[in-house]
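Take a look at the structure below.
Below, read A as the first sequence line, B as the second, and so on, with proteins coming before strands; counting in each chain starts at 1.
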Amino acid sequence: MTPPNQLPHEPAPEPPIGYDPARVERKWRERWAQRSANTPDIAGGVRPYYALMMFPYPSAEGLHVGNLFAFTGNDIFARFQRLQGHTVFEPMGFDAFGIHSENYALKVGAHPMDLIPKNVANFTRQLTAAGLMIDWTRTVDTTHPSYYAWTQWVFLQLFKRGLAYRKKAAVNWCPNDKTVLANEQVEGGKCERCGATVEQRALEQWFFRITDYAERLLKNLDGLDWSTTTKTAQRTWIGRSDGAELRFRVLNPMEDAGSAAVHVTSEVATGMREVVVFTTRPDTIFGATYLVLAPEHPLLDDIAGVDQKRAVDEYRTRSSRQDLISRKTNKEKTGVFTGAYGVNPATGEMIPIWTADYVLMEYGTGAIMAVPGHDERDFEFATKFGLPIERVVAGPGQTARTPLKEAFVDDAGAVLCNSEQFDGYAVEEAKPAVTAWLEEKHAGKGVVNFRLHDWCISRQRYWGPPIPIIHCDACGAVPVPEKDLPVILPNIPDFKPDDSGISPLARHEEWYRVPCPTCGKPARRETDVSDTFLDSGWYFLRYPSVGSANAGTMPFDPSITKKWLPVNSYIGGNEHAVLHLLYSRFLTMVLHDAGHLDFDEPFTKFRAHGMIIRDGAKMSKSKGNIVNPDEYITEWGADTFRTYLMFLGAFEEGGDFRDGGISGVKRFLDRIWASVRDASVADDPDPEVMRKLHQTIKKVGEDIPMLSYNTAIAAMMEYVNVMRRGERTPRRAEVEPLVQLVAPFAPHIAEELWQGEWLNHTESVFDAGWPVFDPKRLASGSVTIAVQVNGKTRGTVVVSEGADEAAVYAAAMADAGIAKFVTSEPKKRVFVAGRLLSLVVQV
RNA sequence: GCCGGGGUGGCGAAACUGGUUAGACGCGAGGGACUUAAAAUCCCUUGGGUGAAAGCCCAUCCGAGUUCGACUCUCGGCCCCGGCACCA
């Protein structure tokens, strides 16, 4: 026999019996593969559970530890569901199209078509080594024609419904990546991908009409079981604001010149020029003392006065040359007077019209009514340019004449003033009242505005699915017939993008010259490719249907989809809160409305995992503090690495990776190994240990669904400490359920112990079910009660379970250490059964 | 500026809906057992102050408050992380 304290790592003289992760993990990787252990019965499996993780971009560097942290968290959850009796589907795929892959290929002088398969192979190896319960028979690669045929199909569904359109617009242009970007891909004026300062260019681009779904995207959030941070980020991004569009008649600078006294309160005659503004504060209309148009506003040409024309043109040129960042970060107000006046529909007064770059063309109507008394930006502008400032809202303790030293914006308890018949209205009641009044005067209407913009999906790059459109001089933009999909991305050597705003595919006439599908005349293919976020916007629909009989003829099989979707649980990073997660929801809604899906939200439950840092700092290549999973798995084994990653901190908050800590987890697994090996079959289990076991089963079973992995691991460690206290020999009944508990975290060692020579089961531990705790065995019959005197805990007493207040009080008084603080008859007693007795005595 | 999430030992972190002398679990550190020795393993100690000890006092970012009782709730500040940001 091997002595009990045989060290696990060194080769023991004989027989070799230590816990050797490399041997155990290789063995089970092979057996699981042979037995197709991770491939669920998609058609027949009972209680289907779809546990999804965000698929990675297969970079040349290999799997990042952050990926593995997320995947392990998902895997534990998935394995737990399986132990609960679900048929669990845990798929994995590769998001391999996009600028990142293409740039890397350019950098190393290779072709992405050659590079991607190598990276995918490397990722697959790493993911397998990590012991993830992935069904490798159903995987997707977004760059494979069998996948992107259907990405193009998705595009066509939107096109058919009028949700994909082309327009010339000012778009975000990344000068480094040489392509346009969606708004969601611009962070603080910089390219989300490469960090270059984004420019504005006017280009003809493809857009998806996601704004049509703004209200639904917002409203549905209420019913989703998602991380609050993610929901909040989406709400902010969609940015609903309730307000009104108000119309200001423009006085003709020629005809109305000199007639400063015109008092126009009647309805605005048709054909007259007017400035339409959006405001969330229609109640402050009486304080609107001037109007401001964005420099890009089309009305500017018409209304600028003769004397001001040059100044206005100069100003517009200057602001158009300014890049986005300096315009949005330089908050110093600038602007020029247009020479024109508008009429305030509430007061009938003439107010000047200015143009200034603090008003943005892309939001609202590109024009505002300025209320300097109650808007900080307007106040600043009015002060700088000497425009009138009126008070129309008075807070508590203020009157209509209280001077304004700054914009007054605190609406709490505030009422309108200097607003004629609305004086005295509270702000919130004035908003609808004033809007209704202006509506009657045909001077405006209540509207809802969203910050969300349409999704720009075309990219002037090579490495993506070609947009399935053919341009015909006679027929216009014609969709490629579905039967002709996929439009294959040609293998061309010269895929480098240039600054022309035209895709490299346009350099290949042999590819883009095709007959028009409608009239047969010579026509041209669209040469832009689609955004990677279109690839990833529907991949979860494809997974369950991969390999099905219909996979070649439809994107997803109806009966399989009905059974497996929507996704039960989705885990991923919050960096995709307004990108992937918003787009996926949008596409799901569209496919639902088109009759392809019977649900309109793709992810029932979503949890954002935290970020993993190292030694208190973000990991980055430049700092050289990247954790390479391969090295750690080689040195410690996947089970230890997985469990350590989960032990670092709360899964949803992330953790700090420190090399020092990993040994504790290895020790923990070694102790489980040794416990099973040494367990006595003959002896009866200890009731105290069994009580702790049942408490641990309860705790771990409650923690895993909450993703509270760190505390679940701590609970198991506690149990091992109790079970092995001193040199105690554990009993088989004490160790066997522990193997099941640890299985989701450390699947290889659990399987080895479960089916190995000591426990000797014939089935997989993952088919063995989850141990059940007996509520009767959680308690010992006695209970420790804390005794507080004047709010301070002065001791504890042990009483039988269910002891009443009198009994506890008696026990407390019998304890000299407690009784000495009770100097007089308590004037108050608070008793919490099973927990504490609090006494208040006179001091 | 607005909206989320945080701030607890030398370190990573626990603490149920306000309730068992805050700090579980792990790392690190110190001491001991075993060993020729080391590794491994096992045991003990480990928030601060004071004390010979029993003990007492102070401690969850800071300051108030509510309560028999506050890491937890309220009010006011400070700091860190993430999102949005001249969005009218």
Q) Is the backbone of Asp615(A) close enough, under 3.5 Å, to the side chain of Asp656(A) for a donor and an acceptor to pair up by distance? A)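 Answer holds: yes.
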Roughly how many Å is it from [atom1] in [X] to [atom2] in [N], rounded to a whole number?
{"X": "Asp656(A)", "N": "rC27(B)", "atom1": "CG", "atom2": "P", "result": "16 Å"}
{"X": "Phe668(A)", "N": "rA24(B)", "atom1": "CZ", "atom2": "C1'", "result": "14 Å"}
{"X": "Arg451(A)", "N": "rC3(B)", "atom1": "CZ", "atom2": "P", "result": "16 Å"}
{"X": "Met716(A)", "N": "rA14(B)", "atom1": "CE", "atom2": "C1'", "result": "15 Å"}
{"X": "Phe745(A)", "N": "rC25(B)", "atom1": "CZ", "atom2": "C1'", "result": "13 Å"}
{"X": "Leu669(A)", "N": "rU41(B)", "atom1": "CG", "atom2": "C1'", "result": "16 Å"}
{"X": "Leu837(A)", "N": "rC68(B)", "atom1": "CG", "atom2": "P", "result": "15 Å"}
{"X": "Asn574(A)", "N": "rC84(B)", "atom1": "CG", "atom2": "C1'", "result": "13 Å"}

If the [atom1] atom of [N] is compared with that of [M], how far apart are they to the nearest Å?
{"N": "rC87(B)", "M": "rG18(B)", "atom1": "C1'", "value": "42 Å"}
{"N": "rU21(B)", "M": "rC71(B)", "atom1": "C1'", "value": "16 Å"}
{"N": "rG51(B)", "M": "rG69(B)", "atom1": "C1'", "value": "29 Å"}
{"N": "rA59(B)", "M": "rG9(B)", "atom1": "C1'", "value": "10 Å"}
{"N": "rA64(B)", "M": "rC58(B)", "atom1": "P", "value": "15 Å"}
{"N": "rC81(B)", "M": "rC61(B)", "atom1": "C1'", "value": "15 Å"}
{"N": "rG26(B)", "M": "rG7(B)", "atom1": "P", "value": "22 Å"}

Q | Check: Phe745(A) ring centroid to Phe668(A) ring centroid under 6.0 Å | A |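 Ring centroids of Phe745(A) and Phe668(A) are no less than 6.0 Å from each other.
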Q. For the residue pair Trp354(A) and Phe381(A), is the inter-centroid distance of their aromatic rings smaller than 6.0 Å?
A.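 Yes, close enough.
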May I ask you to say what [X] touches in the nucleic acid, namely base, sugar-phosphate or nothing, with a heavy-atom cut-off under 4.0 Å?
{"X": "Gly791(A)", "value": "sugar-phosphate"}
{"X": "Asn710(A)", "value": "sugar-phosphate"}
{"X": "Leu836(A)", "value": "base"}
{"X": "Val832(A)", "value": "base"}
{"X": "Gly364(A)", "value": "nothing"}
{"X": "Arg671(A)", "value": "sugar-phosphate"}
{"X": "Thr796(A)", "value": "sugar-phosphate"}
{"X": "Ala715(A)", "value": "nothing"}

State which of [options] makes the closest approach to the side chain of [X].
{"X": "Thr280(A)", "options": "rC27(B), rU20(B), rA88(B)", "answer": "rA88(B)"}
{"X": "Ala233(A)", "options": "rU20(B), rG83(B), rG5(B)", "answer": "rG83(B)"}
{"X": "Thr793(A)", "options": "rA88(B), rU21(B), rC68(B)", "answer": "rU21(B)"}
{"X": "Phe647(A)", "options": "rG19(B), rG4(B), rG26(B)", "answer": "rG26(B)"}
{"X": "Gln788(A)", "options": "rA24(B), rC86(B), rC68(B)", "answer": "rC68(B)"}
{"X": "Glu718(A)", "options": "rC84(B), rA24(B), rG83(B)", "answer": "rA24(B)"}
{"X": "Thr279(A)", "options": "rC86(B), rA14(B), rA88(B)", "answer": "rA88(B)"}
{"X": "Arg667(A)", "options": "rG83(B), rU41(B), rC86(B)", "answer": "rU41(B)"}
{"X": "Thr232(A)", "options": "rC84(B), rG4(B), rC86(B)", "answer": "rG4(B)"}
{"X": "Arg377(A)", "options": "rC86(B), rC25(B), rG69(B)", "answer": "rC86(B)"}

Carboxylate-amine/guanidinium contact [X] [Y], below 4.0 Å:
{"X": "Glu688(A)", "Y": "Arg691(A)", "value": "yes"}
{"X": "Asp670(A)", "Y": "Arg677(A)", "value": "no"}
{"X": "Lys666(A)", "Y": "Asp639(A)", "value": "no"}
{"X": "Asp411(A)", "Y": "Arg281(A)", "value": "yes"}

(Q) Measuring to OP1 and OP2 of rA13(B), would you say a side-chain N or O of Thr711(A) lies under 4.0 angstrom away? (A)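 Looking at the OP1 and OP2 atoms of rA13(B), neither is under 4.0 Å from any side-chain N or O of Thr711(A).
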**Q.** Residue-phosphate contact under 4.0 Å: Lys618(A) side-chain N/O, rG82(B) OP1/OP2
**A.**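 Answer yes for this pair, as a side-chain N or O of Lys618(A) is under 4.0 Å from OP1 or OP2.
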Q.
Can you say whether a donor on the side chain of Glu653(A) sits under 3.5 Å from an acceptor on the base of rG5(B), or the other way round?
A.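 Side chain to base: no pair below 3.5 Å.
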Q | Polar pair under 3.5 Å, donor/acceptor by atom type, side chain Ser838(A), base rC68(B) | A |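 Yes, a donor-acceptor pair under 3.5 Å.
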Q. Between His374(A) and Phe408(A), what is the shortest heavy-atom contact and its length?
A.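 Heavy atoms of His374(A) and Phe408(A) come nearest at ND1-O, 2.8 Å.
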Q: State, to 0.1 Å, how close Ile818(A) and Thr796(A) come at their nearest heavy-atom pair, and which atoms those are.
A: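 Answer, listing the atom of Ile818(A) first, then Thr796(A): CD1-N, 4.1 Å.
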Please list each protein N or O that sits under 3.5 Å from an N or O in nucleotides 52-59 of chain B, with the distance.
unit_1, atom_1, unit_2, atom_2, d
rC58(B), OP2, Lys792(A), NZ, 3.4

Q.
Side chains of Phe831(A) and Tyr809(A), heavy atoms from C-beta outward: is any pair under 4.5 Å?
A.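 No, every pair of side-chain atoms sits at 4.5 Å or beyond.
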Could you please name the partner base of [N], counting Watson-Crick and G-U wobble pairs only when both distances are under 3.5 Å?
{"N": "rA37(B)", "answer": "none"}
{"N": "rG55(B)", "answer": "rU50(B)"}
{"N": "rA70(B)", "answer": "none"}
{"N": "rG12(B)", "answer": "rC25(B)"}
{"N": "rG82(B)", "answer": "rC3(B)"}
{"N": "rC42(B)", "answer": "rG32(B)"}

(Q) Judged by each residue's nearest nucleotide on RNA chain B, which is more toward the 5′ side, Glu184(A) or Tyr363(A)? (A)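 Going by which nucleotide is closer to the 5' end, it is Glu184(A).
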Q) Which residue lies toward the 5' end of RNA chain B, Arg658(A) or Met717(A), if each is placed at its nearest nucleotide? A)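 With Arg658(A) and Met717(A) compared, the 5'-side residue is Arg658(A).
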Q) Is the glycosidic angle of rG28(B) within 90° of 0, making it syn, or outside that range, making it anti? A)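 It is anti.
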Q | Aromatic ring pairing Phe69(A)/Phe651(A), orientation class (parallel under 30°, perpendicular over 60°, tilted between) | A |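 Because their plane-to-plane angle lies in the 30° to 60° range, the rings of Phe69(A) and Phe651(A) count as tilted.
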(Q) Quick one, Phe773(A) with Thr696(A), criterion side chain to side chain contact (heavy atoms under 4.5 Å, CB included). Give me CA distance, side-chain angles, the key distance, then yes/no. (A) CA-CA 9 Å; Phe773(A) 68 87; Thr696(A) 306; over 6 Å; no
